[in-house]
Trainee: 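Once you've had a glance at the structure underneath, I'll fire off some questions.
Throughout, protein chains are lettered first and strands after them, A, B, ... in sequence-line order, and every chain is numbered starting at 1. Heavy-atom basis, side chains included; hydrogens, waters and symmetry copies ignored.
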There are 2 protein chains.
Amino acid sequence: MAAIIVLGNSKRIRLGSPNVFIGSFVLMKALEKVLERNKVRPTAMRLLVLQYLFTKNVAVSLTDLENSFEKSDRTTLYRTLKTFVESCLVHKIDDGTGVSKYALCEENCNCEIETDLHVHFHCNLCKQTICLPKHKIPAIYLPKAFLPQEVNLVVKGTCNKCS
Amino acid sequence: MAAIIVLGNSKRIRLGSPNVFIGSFVLMKALEKVLERNKVRPTAMRLLVLQYLFTKNVAVSLTDLENSFEKSDRTTLYRTLKTFVESCLVHKIDDGTGVSKYALCEENCNCEIETDLHVHFHCNLCKQTICLPKHKIPAIYLPKAFLPQEVNLVVKGTCNKCS
DNA sequence: TCCAAAAATGCAACTCTGTTGCACGGTGTT
DNA sequence: AACACCGTGCAACAGAGTTGCATTTTTGGA
Ligand SMILES: [Mn+2]
Ligand SMILES: [Mn+2]
Ligand SMILES: [Zn+2]
Ligand SMILES: [Zn+2]
């Protein structure tokens with residue numbers, strides 16, 4: 001029932017959740033590298049959440065994660081996402097639905113640099129939110145004495161799959 | 001303690017809340033006109049909420065209203081805002097704080113027409129959100145087969161009063 | 001290898017926003 | 001005056017997000 005993945009030399013990770021797709025040893029090693037590169041300790045849950053984010057090409061909510069990892073706790077997933085955001089692995093997206101979404105950052109993303117921010121699209125039909133990393137937010141001109149720090153731009157409509 | 005405002009010929013509205021600033025007869029008549037123009041029946045609460053929105057030049061949340069009208073119920077204020085939004089008197093703003101804000105629409109606003117949408121600014125210092133009706137959202141170019149319907153653009157930073 | 005410290009996890013409880021059901025009471029219409 | 005309708009207030013609830021604390025797991029040093 002419970003799978004065991006061996007990571008590194010002496011690290012053994014027990015994955016108790018039977019409904020979780022367990023990637024290959026090679027994939028897990030790659031994900032482990034990603035975590036370590038961003039100074040995040042590669043625990044079982046973190047590897048699985050990271051794998052989940054890689055397989056999805058849409059932004060996911062905490063509840064999405066919760067429904068996909070029934071054996072894990074909402075709090076753990078919450079803190080996992082928080083850790084990922086703080087370590088610049090994923091970015092939080094406010095798509096206007098009232099529920100925060102999360103998606104992997106670009107390879108070369110410096111979450112601090114604001115000029116890199118891209119547009120997000122939310123489909124009113126399939127309710128999915130996706131990143132448009134090729135579409136940067138245009139310059140916004142503000143009245144005198146307004147100092148911009150961040151910009152959030154969300155387009156809602158019909159996505160390519162639903163149109 | 002309780003003020004009474006006479007509206008129209010036979011309409012008497014008792015205002016029980018002592019901490020509410022009660023505008024002049026002329027102002028109330030003007031507000032009444034605004035409501036009637038938008039097909040909203042001018043009740044006491046609606047007039048006071050509308051007056052409140054006029055005096056504020058920032059977007060307000062439901063909780064803001066609740067704290068300003070202690071004698072009224074959250075539900076009533078909630079439904080008042082809902083009525084105002086549906087009748088195109090105010091628009092709801094998602095400023096990324098997780099709390100919906102509301103502000104009066106422009107005089108000539110057709111809430112249906114999306115090309116009129118303006119930029120909103122949220123100050124990270126004073127935590128206030130304001131409309132920038134003169135600053136329209138620039139055209140956003142999307143990948144093929146993406147059909148835009150609405151655009152939300154929020155700039156966060158330091159406002160003119162805080163800079 | 002073993003043990004203690006540190007970190008991660010799971011459980012429970014809680015806050016806050018938004019929302020709905022329902023009963024009451026005032027309004028205006030005939 | 002009778003009646004239907006609408007607005008209001010109270011209660012209860014849902015959902016997302018968050019925190020405290022006990023338990024488990026991992027790490028790193030003896
Ligand atoms: Mn994104
Ligand atoms: Mn506005
Ligand atoms: Zn879609
Ligand atoms: Zn400010």
Trainee: With a 3.5 Å cut-off and no angle check, do the side chains of A:T76 and A:D73 form a donor-acceptor pair?
Mentor: no
Trainee: Whole-Å distance between C:dT17 C1' and B:K82 NZ?
Mentor: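 So the two atoms are 15 Å apart, to the nearest Å.
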Trainee: What does nucleotides 2-14 of chain D look like as a protein-contact string, B for base, S for sugar-phosphate only, - for none, at under 4.0 angstrom between heavy atoms?
Mentor: ----SSBBBB---
Trainee: Between B:H120 and B:H118, is the ring pair (Phe, Tyr, Trp, His ring centres under 6.0 Å) condition met? List the steps.
Mentor: CA-CA 7 Å; B:H120 291 111; B:H118 54 261; 4.6 Å; yes
Trainee: Whole-Å distance between D:dA16 P and A:L81 CG?
Mentor: 14 Å
Trainee: Measure CD/A:E32 against C1'/D:dT27 and give the value in whole Å, please.
Mentor: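 Those two atoms, CD and C1', are 14 Å apart.
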Trainee: Have B:S68 and B:Y52 got a donor and an acceptor in their side chains that come within less than 3.5 Å?
Mentor: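 Looking only at side-chain atoms, B:Y52 and B:S68 do form a donor-acceptor pair, the distance falling under 3.5 Å.
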Trainee: Between C:dA8 atom P and A:L77 atom CG, what is the distance in whole Å?
Mentor: 15 Å
Trainee: To the nearest 0.5 Å, what is the distance between CG on A:L77 and CG on A:L65?
Mentor: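 With rounding to 0.5 Å, CG (A:L77) is 5.5 Å from CG (A:L65).
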Trainee: Could you tell me whether A:E66 and A:K71 make a salt bridge, using a distance below 4.0 angstrom between a side-chain N and a carboxylate O?
Mentor: no
Trainee: Check this one for me: any side-chain N or O of B:Y78 less than 4.0 Å away from OP1 or OP2 of C:dG18?
Mentor: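 Answer no for this pair, as no side-chain N or O of B:Y78 is under 4.0 Å from OP1 or OP2.
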Trainee: With a 4.0 Å cut-off on heavy atoms, is A:T63 in touch with a base, just the backbone sugar-phosphate, or nothing at all?
Mentor: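 Sugar-phosphate, no base atom in range.
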Trainee: State whether the side chain of B:N38 and the backbone N or O of B:S87 hold a donor-acceptor pair below 3.5 Å, judged by distance alone.
Mentor: yes
Trainee: Yes or no on side-chain contact (heavy atoms from CB on, under 4.5 Å) for A:K92 and A:K101, after CA distance, side-chain angles and deciding distance?
Mentor: CA-CA 6 Å; A:K92 189 196 278 199; A:K101 304 286 166 57; over 6 Å; no
Trainee: Could you tell me whether B:K136 and B:E106 have a side-chain N and a carboxylate O separated by less than 4.0 Å?
Mentor: no
Trainee: Please work out which residues in residues 92-103 of chain A have a non-hydrogen atom less than 4.0 Å from an atom of DNA chain C and list them by number.
Mentor: none
Trainee: Output the rounded distance in Å from NZ (A:K39) to C1' (D:dT27).
Mentor: 17 Å
Trainee: Over how many whole Å does the gap from B:E66 atom CD to C:dT15 atom P extend?
Mentor: 15 Å
Trainee: For residues 151-162 of chain B, which side-chain donor-acceptor pairs fall under 3.5 Å, sequence neighbours excluded?
Mentor:
| unit_1 | atom_1 | unit_2 | atom_2 | d |
| --- | --- | --- | --- | --- |
| B:N152 | ND2 | B:D94 | O | 3.2 |
| B:T158 | OG1 | A:Q149 | NE2 | 3.4 |

Trainee: Report the distance from atom CZ of B:R74 to atom C1' of C:dC16, rounded to the nearest whole Å.
Mentor: 8 Å
Trainee: Separation of B:L65 atom CG from C:dT17 atom P, in whole Å?
Mentor: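 The distance from CG of B:L65 to P of C:dT17 comes to 13 Å, rounded to the nearest Å.
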